[in-house]
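First up is the structure itself, then whatever we jot down about it.
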Amino acid sequence: MKKAVILLSGGLDSATTLRIAQSEGYECCAISFDYAQRHKAELTAAKNIAKKAGVVEHKIVDLNLRLFGGSSLTDDNLTVPTGSDIDHSQIPSTYVPARNTIFLSVALGYAEVLAATDIFIGVTAVDYSGYPDCRPEFIAAFENMANLATKIGVEGHRIKIHTPLIALSKAEIIQAGTQLGVAYQDTISCYQADEQGRACGQCDSCLLRAQGFAQAGIKDVTQYVI
Ligand code: ZN
């Protein structure tokens, strides 16, 4: 079986991506990041999802991005925008500077050690918060870099960054995942989930998720604070 590295945040998209990779016949190794994020409960979710999915191994990397903050997810002086404060005309404060570049770079190192040339990331450029590092152009550029930057790439083993969700709406993601048996009650998407993993229902991530379930015609199993 071919090995793949899956970036697993504990959210809806990455849980679906993991199941898609498994359904394509990959033996999956998951990687998650404790970056001192506000919604640390997602890591508990990631552990649970990885265990239930039967991944080969699950690495949780300590990488404290709170050291320099710069995002409402890593700086308590900034608030997560909710409701009418969400401004879709600009990149929101929940953007974590260079997060996907950092995470993919670490995942690339892990993959090279495993001799795995396939990395899966659950980015989507349809129902999303407008982050520049979720766009197909970014993924293509990173993949190009990965093949230039690594021994495995230079030796002719083509590294591929898989983004199976990139062109799917949230509803389509939920429909695909439901067919593959993703237990969405195990996932946490909220930017400010409480310690028990309960969602606020008000942030952009909660709103996109709720809209996705509604449009998919599938019962929203998310646990909310209220
Ligand atoms: Zn929320």
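For reference, positions follow the sequence shown, starting with 1.
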Check: Out of V123, V5, L7, which one pairs with L104 under the side-chain contact (heavy atoms from CB on, under 4.5 Å) rule?
Finding: L7
Next item on the list: Check salt bridge (charged side-chain N to carboxylate O under 4.0 Å, His left out) between E143 and all other residues, then give those that pass, not counting sequence neighbours.
Entry: R158
Margin query: Please give me the minimum heavy-atom distance between I6 and T17, naming the atom from each residue.
Written below: CG2-CG2, 4.4 Å
Notebook entry, point to check: CD1 of I121 to CG of N100: how many Å apart, nearest 0.5 Å?
Noted result: 4.0 Å
Note to self: Distance check, rounded to the nearest 0.5 Å: Y224 atom OH versus C190 atom SG?
What the structure shows: 9.0 Å
Check: What heavy-atom pair brings I218 and T178 nearest, and what distance separates the two atoms?
Finding: CD1-OG1, 3.6 Å
Next item on the list: Using side chain to side chain donor-acceptor pair (under 3.5 Å) as the criterion, point out the one residue from E42, K47, H58 that pairs with S32.
Entry: H58
Notebook entry, point to check: Is V80 reachable from Y131 through a run of hydrophobic residues whose side-chain heavy atoms are each under 4.5 Å from the next?
Noted result: yes
Margin query: Side chains of P132 and I91, heavy atoms from C-beta outward: is any pair under 4.5 Å?
Written below: yes
Next item on the list: State yes or no: do L43 and L63 share one hydrophobic cluster built from I, L, V, M, F, W and Y residues joined by side-chain heavy-atom distances below 4.5 Å, directly or via other members?
Entry: no
Next item on the list: Give, for atom CG of D127 and atom CG of L165, the distance between the pair rounded to the nearest 0.5 Å.
Entry: 11.5 Å
Next item on the list: Examine the side chains of R99 and Y35 and answer whether a donor and an acceptor come within less than 3.5 Å of each other.
Entry: yes
Margin query: Could you report the tightest heavy-atom contact between Y26 and H162, atom names first, then the distance?
Written below: OH-CE1, 3.7 Å
Check: Does a side-chain heavy-atom distance below 4.5 Å link I174 with K170?
Finding: yes
Notebook entry, point to check: Does one side chain, of S205 or S189, offer a donor that lies under 3.5 Å from an acceptor on the other?
Noted result: no
Next item on the list: Applying side chain to side chain contact (heavy atoms under 4.5 Å, CB included), name anything that partners L180, two or more places apart in sequence or on another chain.
Entry: R19, I20, S23
Margin query: Membership question, hydrophobic clusters at under 4.5 Å side-chain separation (ILVMFWY): are I49 and Y184 in the same one?
Written below: no
Note to self: For a quick test of reading the model, state the closest non-hydrogen atom pair linking L8 to A50 and the distance between them.
What the structure shows: CD2-CB, 3.9 Å
Checklist line | Y191 side chain reached by L73 side chain, heavy atoms, under 4.5 Å | finding: yes
Notebook entry, point to check: For E57, does the CD atom have more than 12 heavy-atom neighbours from other residues, nucleotides or ligands under 6.0 Å away?
Noted result: yes
Notebook entry, point to check: So, does S72 use its side chain to make a donor-acceptor pair with the main chain of S93 at under 3.5 Å?
Noted result: yes
Notebook entry, point to check: Does any pair with a residue in residues 201-216 pass salt bridge (charged side-chain N to carboxylate O under 4.0 Å, His left out), and if so which ones, sequence neighbours excluded?
Noted result: none
Checklist line | Transitive ILVMFWY side-chain link Y128 to I86, under 4.5 Å | finding: no
Item checked: Cluster overlap V106 with V113, hydrophobic side-chain contacts below 4.5 Å -> no
Next item on the list: Output all residues satisfying side chain to side chain contact (heavy atoms under 4.5 Å, CB included) with T44, sequence neighbours left out; order by chain, then residue number.
Entry: none
Checklist line | Residue list, ring-ring contact (aromatic ring centres under 6.0 Å, His included) with Y110, at least two apart or on another chain | finding: none
Note to self: What verdict does the side chain to side chain contact (heavy atoms under 4.5 Å, CB included) test give for C29 and L114, after you've listed the backbone C-alpha separation in whole Å, the side-chain angles of each residue and the deciding distance to 0.1 Å?
What the structure shows: CA-CA 9 Å; C29 298; L114 293 168; 3.8 Å; yes
Item checked: Between CZ on residue F138 and CE on residue M145, distance to nearest 0.5 Å -> 7.5 Å
Notebook entry, point to check: What are the two closest heavy atoms between A45 and D186, and how far apart are they?
Noted result: CB-O, 3.3 Å
Next item on the list: Begin with the C-alpha distance, continue with both residues' side-chain angles, and end with the deciding distance and a verdict on side chain to side chain contact (heavy atoms under 4.5 Å, CB included) for F213 and L12.
Entry: CA-CA 11 Å; F213 277 105; L12 181 155; 4.0 Å; yes
Item checked: Heavy-atom pair with the smallest gap, counting every atom of I188 and G197 -> CD1-CA, 3.5 Å
Next item on the list: Using the salt bridge (charged side-chain N to carboxylate O under 4.0 Å, His left out) rule, collect all pairs that involve residues 68-86, keeping only residues at least two apart or in two chains.
Entry: R66-D76
Next item on the list: Give, for atom OG of S71 and atom CD of Q37, the distance between the pair rounded to the nearest 0.5 Å.
Entry: 10.5 Å
Next item on the list: May I ask you to decide if I159's main-chain N or O and N147's side chain share a donor-acceptor pair within less than 3.5 Å?
Entry: yes
Next item on the list: Without swapping roles, check the side chain of E112 against the backbone of K151 for a donor-acceptor pair under 3.5 Å.
Entry: yes
Check: Would you find a donor on one side and an acceptor on the other, under 3.5 Å apart, between the side chain of S14 and the backbone of G122?
Finding: no
Check: How about Q196: does its CD atom have over 12 heavy atoms from other parts shown lying under 6.0 Å from it?
Finding: yes
Check: Which is it for D133 and Y95 under the side chain to side chain contact (heavy atoms under 4.5 Å, CB included) test, yes or no, and what are the steps along the way?
Finding: CA-CA 9 Å; D133 53 358; Y95 166 69; 4.0 Å; yes
Check: Atom CG of L168 and atom CD of Q175: how far apart are they, to the nearest 0.5 Å?
Finding: 10.0 Å
Checklist line | Expected output: side-chain Q22 to main-chain A53 donor-acceptor under 3.5 Å | finding: yes
